[in-house]
2 protein chains.
Amino acid sequence: MKIGELSARTGVSIRSLRYYEEQGLLTPVREANGYRTYSPYAEEQVRTIQLYLQLGLSTEQISGFLTCVLQHPETFCREVLPVYEQKLREIEEQIEQLGRIKTNLQDRIRYFGANPKDAQEG
Amino acid sequence: MKIGELSARTGVSIRSLRYYEEQGLLTPVREANGYRTYSPYAEEQVRTIQLYLQLGLSTEQISGFLTCVLQHPETFCREVLPVYEQKLREIEEQIEQLGRIKTNLQDRIRYFGANPKDAQEG
DNA sequence: GTAGACCCTCCCATTAATGTGAGGGTCAAG
DNA sequence: CTTGACCCTCACATTAATGGGAGGGTCTAC
């Protein structure tokens, strides 16, 4: 199938499909006229890419294990686990940082309730 | 004081001080030679700006209430509360989103423990 | 043979704060 | 009057995935 059809089937923009190729995540064959042709498996492949992107992984990280997970269950590809673990650490750190900011904001908001309402302009 | 001294006192780069001015957060006077001259109060002002930036507010948001909070307690400036509340909502939403991703990652990581270790290469 | 729907590449823009460097003034001390 | 430490403006780079447009080829149906 051509890029327009793959885009329609997956909901991923043509621009992004070309970007994934540039990043080594997709390798369509080229017809004599230069058009990209994708195998039917590309559709699942694109959905897989999207899934990992939604987990916050970069195209570079995804490229490290995509070939394997397309052929095996995720848990069989040993490149995957360390990426997940690192990402998990990053996420936890971000959550902590956001939690600190949240508490700080909540404290500040609380003070508004505890103080006179004669607020000043600008 | 000149920009180099303000930078040294606050630890904020000269580049950033000029950026804050561009964004309307600082308004040093200009000498005849074009040099920026900052009042002694600028030091506290810069620390205040940094504080709000660390809360995740944008320079645009900060500019909306900075003048007021420099003259009054934060709780007296009515521009502040809605910004805090909006930011708090954003933070909470981000935390939720990260939490979902975290759970997803943890689930995936758990499956590795529950499966055979004969992982495949690339 | 032409209209219209495809496809191609190349390149710029987005976001927000900051880094960096070129090219060039200012000023104080020697 | 030169050195060196300042200061200035302008402008590009950073990040990552995506949007968008220009300029142009291809293919199908009429």
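Sequence lines set the chain letters: A, B, ... in the order given, protein chains first and strands last, and positions in each chain run from 1.
When only modelled atom types and interatomic distance are considered, A:Arg100 and A:Asn104 share no side-chain donor-acceptor pair under 3.5 Å. A:Gln97 and A:Glu93 share no donor-acceptor pair across their side chains, judged by distance under 3.5 Å alone.
Residues forming a side chain to side chain donor-acceptor pair (under 3.5 Å) with B:Gln94 (at least two apart in sequence, or on another chain): none. With sequence neighbours left out, B:Ser13 forms a side chain to side chain donor-acceptor pair (under 3.5 Å) with B:Ser16. Under the side chain to side chain donor-acceptor pair (under 3.5 Å) criterion, A:Ser63 pairs with no residue, sequence neighbours left out. By the salt bridge (charged side-chain N to carboxylate O under 4.0 Å, His left out) test, B:Glu43 is found to be paired with B:Arg9, B:Arg47, residues two or more places apart in sequence or in another chain being considered. For B:Arg89, there are no salt bridge (charged side-chain N to carboxylate O under 4.0 Å, His left out) partners at least two apart in sequence or on another chain. Listed by chain and residue number, A:Arg110 satisfy the side chain to side chain donor-acceptor pair (under 3.5 Å) test with A:Asp107 (two or more places apart in sequence, or in another chain).
Residues B:Phe112 and A:Cys77 come closest through the heavy atom pair CE2-O, 4.0 Å.
A donor-acceptor distance shorter than 3.5 angstrom exists from the side chain of A:Lys87 to the backbone of A:Gly56, with no hydrogens or angles considered. Not a single donor-acceptor pair under 3.5 Å links the side chain of B:Ser7 to the backbone N or O of B:Ile3.
Taking a heavy-atom distance under 4.0 Å as the criterion, the stretch of DNA chain C touched by chain A extends 5' to 3' from C:dC6 to C:dT9.
The CG atom of A:Leu105 lies 5.0 Å from the CG atom of B:Leu55; values are rounded to the nearest 0.5 Å.
In the helix from C:dG1-D:dC30 to C:dG30-D:dC1, the terminal helix axes, each the rotation mapping four pairs' C1' atoms onto the next four within five end pairs, subtend 40°, rounded to 10°.
Within residues 84-97 of chain B, no residue has any heavy atom under 4.0 Å from DNA chain C. For the segment residues 31-60 of chain A, residues with any heavy atom less than 4.0 angstrom from an atom of DNA chain C are, sorted by number, A:Gly34, A:Tyr35, A:Arg36. For DNA chain C, the residues of residues 7-20 of chain A within the heavy-atom distance limit of 4.0 Å (strictly under) are A:Ile14, A:Arg18, sorted by number.
Aromatic ring pairs are classed by plane angle as parallel below 30°, tilted from 30° to 60° and perpendicular above 60°; the pair B:Tyr84 and B:Tyr52 is tilted.
A salt bridge does not link B:Lys2 with B:Glu5: every distance from a Lys NZ or Arg NE/NH1/NH2 to an Asp or Glu carboxylate oxygen is 4.0 Å or more.
Nucleotides of DNA chain D nearest to A:Lys2 and B:Glu5 differ in position, and the one nearer the 5' end is that of B:Glu5.
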Would you be so kind as to tabulate the donor-acceptor pairs closer than 3.5 Å made by side chains of residues 18-26 of chain A, with sequence neighbours excluded?
from, atom 1, to, atom 2, distance (Å)
A:Tyr20, OH, A:Gln50, NE2, 2.7
A:Glu21, OE1, A:Arg36, NE, 2.5
A:Glu21, OE2, A:Arg30, NH2, 3.2

